[in-house]
Amino acid sequence: MFPREDDTWFDDAAGPIARPYTITGGRTHAGDIDLQLLSLVVALPGLAEAATMAPEYARIVRLCQRPLSVAEVAAHLDLPVPIVKVLLADLVERGHVIYRTSQPINDTPDQHVLQAVLDGIRRL
């Protein structure tokens with residue numbers, strides 16, 4: 001085991017030595033913040049402020065200078081989604097990241113729209 005160029009300790013057979021849950025201090029839930037896979041997140045601080053943060057948080061802030069989904073952030077960081085959700089929730093609580101979650105699609109179609117479509121088809 002030797003440090004790689006990016007100073008990450010790595011075991012060629014096992015992968016990273018620090019397991020993902022150690023990054024979050026063992027936490028596995030994002031608390032009350034409802035982050036979903038498709039929630040869009042964007043960082044508020046600039047890159048200079050990211051330099052003063054813990055490495056995991058700084059990576060997210062640098063990555064989220066433009067809006068990304070939670071799934072994209074997890075893919076870029078090569079971390080499990082639940083871990084990324086916890087890290088993002090921490091950043092949201094500290095005011096470093098904002099997020100938007102799409103509204104759920106209504107399960108029942110609007111009867112007026114369906115009737116208008118049917119009337120239009122009948123006129124053809």
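For this chain, numbers begin at 1 and follow the sequence in order. Just so you know, these numbers use all the heavy atoms, side chains as well, and skip hydrogens, waters and symmetry mates. Computed from a predicted model, the values in this text were never measured in an experiment.
- The shortest non-hydrogen separation linking Val42 to Gln65 is CG2-O, 4.1 Å.
- The 12-atom threshold is exceeded at CZ of Arg94, counting heavy atoms of other residues, nucleotides or ligands nearer than 6.0 Å.
- Cluster membership check: Ile60 shares its hydrophobic cluster with Leu37, using side-chain heavy-atom separations under 4.5 Å among Ile, Leu, Val, Met, Phe, Trp and Tyr.
- For the residue pair Glu49 and His96, the shortest heavy atom distance occurs at OE2-CE1, 3.4 Å.
- Closest approach of Met53 and Val61 over heavy atoms only: SD-CG2, 3.6 Å.
- By the 6.0 Å contact criterion, CG on Leu44 is enclosed, its count of non-hydrogen atoms from other residues, nucleotides or ligands being greater than 12.
- Nearest heavy-atom pair across Ser69 and Leu40 is N-CD2, 3.8 Å.
- The minimum heavy-atom distance linking Val81 with Ala74 is given by the pair CG2-CB, 3.8 Å.
- Taking CD1 from Ile83 and CG from Leu77, the interatomic distance works out to 11.5 Å, rounded to the nearest 0.5 Å.
- Across all non-hydrogen atoms, the minimal contact from Lys85 to Val70 is CG-CG1, 4.0 Å.
- Note on Ile98 and Leu68: separate hydrophobic clusters, where clusters join Ile, Leu, Val, Met, Phe, Trp and Tyr whose side-chain heavy atoms are under 4.5 Å apart, directly or indirectly.
- Applying side chain to side chain contact (heavy atoms under 4.5 Å, CB included) to Val41 and the options Val97, Val84, Val92 leaves one that passes, Val97.
- In this structure, Leu88 and Tyr99 have side chains that are not in contact, with every pair of non-hydrogen atoms separated by 4.5 Å or more.
- In this structure, Asp119 and Arg123 have side chains that are in contact, with non-hydrogen atoms separated by less than 4.5 Å.
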